[in-house]
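Just below is one structure, and these are the notes that go with it.
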Amino acid sequence: MNELQPVNQNVLLEIADDKKEQKTISGIIIPDSALEKQAIGKVVAIGAVENAEIAVGDRVIYKEHVGTVTEFEGRKYLLIPYAEILAKIVETDKI
């Protein structure tokens, strides 16, 4: 079995390819290249990062236009430097 394993201080994120061509009510087609990309991914693996504030399975927000997108065994991944992660998405209980 093969797996992707980041090295140095890189993080491997699984990203969804949810951009699809859309059509407005008046019939104008908006190509996927014109749609805004959502910068959220799921952490799949972490390289050698001391005191990492994220863990495998966390959902994170990262800077746009960074990293390397790759497809591996039918899934889409993004390999980015740890420093490019801006926030971790956490669930909280309502009070």
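Side-chain atoms are counted along with the backbone in the values below, which use heavy atoms only and exclude waters and symmetry mates.
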Let me check something: any side-chain donor-acceptor pairs from residues 77-95 under 3.5 Å, sequence neighbours excluded? List them with distances.
{"unit_1": "Tyr82", "atom_1": "OH", "unit_2": "Glu53", "atom_2": "N", "d": "2.9"}
{"unit_1": "Lys88", "atom_1": "NZ", "unit_2": "Glu53", "atom_2": "O", "d": "3.2"}

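Every residue two or more places apart in sequence or in another chain that forms a side-chain contact (heavy atoms from CB on, under 4.5 Å) with Asn2 is listed here: Phe72, Glu73. Residues passing the side-chain contact (heavy atoms from CB on, under 4.5 Å) test with Ile46, sequence neighbours excluded: Val11, Val43, Val49, Ile54.
Just one of Arg59, Arg75, Lys76 meets the salt bridge (Lys or Arg N to Asp or Glu O under 4.0 Å) condition when paired with Glu14; it is Arg75.
A continuous path of ILVMFWY side-chain contacts below 4.5 Å connects Leu13 to Val66, so both sit in one hydrophobic cluster. Follow the hydrophobic side-chain contacts under 4.5 Å out from Ile61 and you never reach Val56; the two are in separate clusters.
Minimum heavy-atom separation, Ala39 to Glu64: CB-CG, 3.9 Å.
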